[in-house]
2 protein chains.
Amino acid sequence: MLNPLKNVLQEHGLKATTQRLTLLEYMMTHDNHPTAEMIHNELPDISLATVYNTLEKFVEKKLVVIIDGISDGKRHYDAADHPHYHVINTKTNEIIDAANFDPAPLIKAAQAATGLKITEYRIDLYGVEPNTNEVHS
Amino acid sequence: MLNPLKNVLQEHGLKATTQRLTLLEYMMTHDNHPTAEMIHNELPDISLATVYNTLEKFVEKKLVVIIDGISDGKRHYDAADHPHYHVINTKTNEIIDAANFDPAPLIKAAQAATGLKITEYRIDLYGVEPNTNEVHS
DNA sequence: TAATAGTTTAGAACCATTCTAATATTATAG
DNA sequence: CTATAATATTAGAATGGTTCTAAACTATTA
């Protein structure tokens, strides 16, 4: 048990295959919010079907989250290492991770409003560069 | 100018066609978070292409928002009348509107973190019925 | 009422994602 | 170590929600 990623997989009830170890490490060490195709291009030895299958498992196990409000029409993925939210630059489609917000009040409000037990949340904000050419107030 | 919906369209630079008036009224008076196909079924005189085209315009003009984290794989739409967030029951895919949360601190935090001017945000929470069969703690 | 700019439409096309079913691998037990 | 069962991987086909096309129509303006 010298490979901690292998532990992570097994603790989540997933067989530790080469592909899963490679994919998990990739997601853990990159914050580029890739699509399945981008990952497949970076890791061509893993078939596109396996990229999709494996990411789906990782999402189920909450190791990865989906970002799907991007105007390129593709599903992006992000490691779920630590709680954070996303800010998307709508001009460039750049996806920025941010964490300077405590979701606890939101989760409490949602539980109060619906009676449901909140298991996940997603916060995406969309913004643009402020116009620095503004000359007079 | 007796039709206030006509005003809404024209104020947003959209020609007031029959289809747009019908669709806008539909969205304003329903909180069922329909897909394009559901709307087309309810309003069969409006072609599916027009439903998509028109909703796209409405989203551009911020009259409507997209809800696309639903596990049915389809895009849902919601009137953007008043600021609110969504809570999705992941067992039933029911989408619940809620408004008991002030997004201002979140928007402030995002602007502070990124320097971007936030123009939109999306908050979706996912939850399940709390298990009422739990017998002992 | 004519001009024009924009809208609607049916159906075709697209393409990201899912499915299929044959092959290969992991984990477990003997 | 095997053998075994269960699960994972894969190439390529299929799917289906959404977008595109280009021809017919309509709101708007003068």
Looking at A/Asp68 and A/Arg75, does any basic side-chain N land under 4.0 Å from a carboxylate oxygen? no
Of all heavy-atom pairs linking A/His76 and A/Lys74, the shortest is CD2-O, 3.3 Å
Smallest separation among heavy atoms of B/Asn32 and B/Met38, with atom names: O-CE, 4.3 Å
Using a distance-only test with no angle check, is there a side-chain donor-acceptor pair under 3.5 angstrom linking B/Asp97 and B/His82? no
Classify the angle between the aromatic ring planes of A/His30 and A/Tyr26 as parallel (below 30°), tilted (30 to 60°) or perpendicular (above 60°). parallel
Using a 4.0 Å cut-off to any heavy atom of chain B, which nucleotides of DNA chain C are the first and last in contact, reading 5' to 3'? C/dA5 to C/dA10
For B/Ile95 and B/His33, work out which heavy atoms get closest and say how close. O-CE1, 3.2 Å
Close side-chain approach of A/Tyr126 to B/Arg122, heavy-atom, < 4.5 Å: yes
Protein-nucleotides 23-30 of chain D N/O pairs under 3.5 Å:
from, atom 1, to, atom 2, distance (Å)
D/dT28, OP1, B/Gln10, NE2, 2.9

Base, sugar-phosphate or nothing for B/Asp68? Non-hydrogen atoms, less than 4.0 Å. nothing
Under 6.0 Å from the CD atom of A/Glu37, do we count more than 12 heavy atoms belonging to anything else shown? no
Tell me, yes or no, whether the heavy-atom count around B/Lys62 atom NZ, taken from other residues, nucleotides or ligands under 6.0 Å, exceeds 12. yes
Please enumerate all protein N or O atoms sitting under 3.5 Å from an N or O of nucleotides 17-19 of chain D, with distances to 0.1 Å.
from, atom 1, to, atom 2, distance (Å)
D/dT18, OP1, B/Arg75, N, 2.9
D/dT18, OP2, B/Tyr52, OH, 2.5
D/dT18, O5', B/Tyr52, OH, 3.3
D/dT18, O3', B/Arg75, NH2, 3.4

Please check if the side chain of A/Arg20 supplies one atom and the backbone of A/Lys15 the other of a donor-acceptor pair under 3.5 Å. yes
